[in-house]
Amino acid sequence: AATIGPIFTIQEIPPRPSDNYLGDLDVFGAYLKTDIEFSPTVRADYGVRYEESKLNVQTLDRFSTLGVTSNLENNYVLPSASFTWNFIDDTQLRLGYSNTIARPQFRELASSRFLDPESDRTFVGNPNLVDSEFENFDVRLERYFGRNQFIALSGFYKNIKNPIEESTFETSANVFETSFINAPAADLLGFEAEARTNFNMPGNITFLESRDWFFTVNYTYTDATVNAAAGDVIIQADGTPISAELFGIDGQPLQGTPEHIFNSQFGWESDNDQFTILFGLVDDRVSRRGLRGLSIVPDVIESPGPQLDIVYRRKVDVQGQEFNLGLSARNILDTDHEEFQTSEQAGRSEFNTYKRGVSFSASLSTSF
């Protein structure tokens, strides 16, 4: 009879100098800050932080044969300032400015390959990454109506130099790996609206009247685009500089940043229990940047969809010992996890789409 096989294959892979890595980060920082109150309604604070950092990653095999070394040594002067004006009772306007940085993680710098067991994807680091530098501006208007009750409107702008993005490329036919790149630059512009209110439930029902009811809502709009000017290059994991113009990323959405985010919460709080219904909706976003390998790979788009959860917590007394009971139901709308690619030739192709299902959990904890 014919058989299908082999069922199992044992293959010895020779040691590679990128099998493992060692990483260390040393940071020295010093800062100076001052607060100034110009009047009872106007105050400001200014500060500056000086920072020196050394980030080193060394790959090696199991016999300690050294591979690729990555060294990032930088000095930064990072100023910040904020201005607050209480121009009306219970209302304030805040302006802010700051410079910040984001360093690559060890796994993003190491040229070691690793498998993510959750997504079943192979990742490989890029030893050519550099720090991302942020310039941040924000303005926020807040109006308070009582304890934990407010309305807030804010706007923000960020200019990012060398933002780090995850990128997917094809190493052989239908075999993909995910690595990391520094896009040349990006701009983020958006606004946020947020509100929270507490209220009493109508009716003379003791259960409802004995609890503090609340409702919160938050909406964020972000226009995040990558900028790639003529002459900009992208350094891939193998050290090859590729013109950013070849990838057509100029004006494209920044990886990992959705345009619309909406969140809301409704429930009650009391001395002994808390009940919350949470609803969230996140717009489509670029999950992984598609880059050129053996062929042009389209961007991977993630579509999170709506999310509805219910969480209940309660304190329970058992013979003088206090326990915390937790119950939750997650993804009640049974929203699938969707990641896909689109192209003119193939249309939509599923990249990592699967059913998440509805989950229920219960917990009981205490402390001694």
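When reading the values below, keep in mind they use all heavy atoms of this one structure, side chains included, and skip hydrogens, waters and symmetry mates.
Between Leu25 and Phe106, the shortest heavy-atom contact is N-CZ, 4.0 Å. Taking every heavy atom of both residues into account, Asn126 and Phe180 meet most closely at ND2-O, 2.8 Å. Glu166 and Ser287 make their closest contact through OE1-O, 4.2 Å (heavy atoms, listed as atom of the first residue, atom of the second, distance). The minimum heavy-atom distance between Val358 and Asn331, with the atom names listed, is CG2-O, 3.2 Å. A pairwise comparison of heavy atoms in Pro304 and Thr335 identifies O-CG2, 3.5 Å as the closest pair. Listed here is the closest heavy atom pair of Ser303 and Asp284: OG-OD1, 2.8 Å.
Salt bridge status for Glu135 with Lys161: absent, with no side-chain N to carboxylate O gap under 4.0 Å. The existence of a salt bridge linking Lys54 and Asp26 is excluded, since no basic side-chain nitrogen approaches an acidic carboxylate oxygen closer than 4.0 Å. Between Glu142 and Arg94, at least one side-chain N (NZ, or NE/NH1/NH2) sits under 4.0 Å from a carboxylate O, which counts as a salt bridge. Ion pairing of Glu350 with Arg348 is present here, as a side-chain N (NZ or NE/NH1/NH2) and a carboxylate O approach within less than 4.0 Å. The pair Arg103-Glu108 does not count as a salt bridge, with every side-chain nitrogen at least 4.0 angstrom from each carboxylate oxygen.
Between Tyr221 and His260, the ring-plane angle classifies as tilted under the 30° and 60° cut-offs. Aromatic ring orientation, Phe266 versus Trp213: tilted (interplanar angle from 30° to 60°).
Taking the ring axis of Phe360 as reference, the NZ or CZ atom of Arg330 does not stay both within 45° of it and closer than 6.0 Å to the ring centre. Stacking of Arg49 on the aromatic ring of Tyr31 is not recorded, the 6.0 Å distance cut-off and the 45° axial limit not both being met.
Checked by atom type, the side-chain pair Gln58/Thr69 shows a donor-acceptor distance below 3.5 Å. Defined by atom type and a distance below 3.5 Å, a donor-acceptor pair is missing between the side-chain atoms of Ser270 and Asn272. Between Ser167 and Ser179, the side chains place no donor N or O within less than 3.5 Å of an acceptor N or O (distance only, hydrogens not considered). Donor-acceptor pairing under 3.5 Å is lacking for the side chains of Asn136 and Asn99. Side-chain atoms of Tyr76 and Asp131 include a donor-acceptor pair closer than 3.5 Å. At a cut-off of 3.5 Å, with distance as the only test, no side-chain donor of Tyr354 or Asp336 sits close to an acceptor on the other residue.
Here the side chain of Thr197 pairs no donor or acceptor atom with the backbone of Gln149 at under 3.5 angstrom. Distance alone, capped at 3.5 Å, is enough to place a donor-acceptor pair between the Thr59 side chain and the Val68 backbone. Judged by distance alone, with hydrogens and angles left aside, the side-chain atoms of Asp45 form no donor-acceptor pair with the main-chain N or O of Ile36 at under 3.5 Å.
The six-membered or imidazole ring of Phe114 lies near that of Phe123, with a centre-to-centre distance under 6.0 Å. Checked against the 6.0 Å centroid threshold, Tyr97 and Phe137 count as a close aromatic pair.
Leu327 and Ile310 fall within the same hydrophobic cluster, defined by Ile, Leu, Val, Met, Phe, Trp and Tyr side-chain heavy atoms under 4.5 Å apart, directly or through other members. Taken together through direct or relayed side-chain contacts under 4.5 Å among Ile, Leu, Val, Met, Phe, Trp and Tyr, Leu188 and Val226 form part of one hydrophobic cluster.
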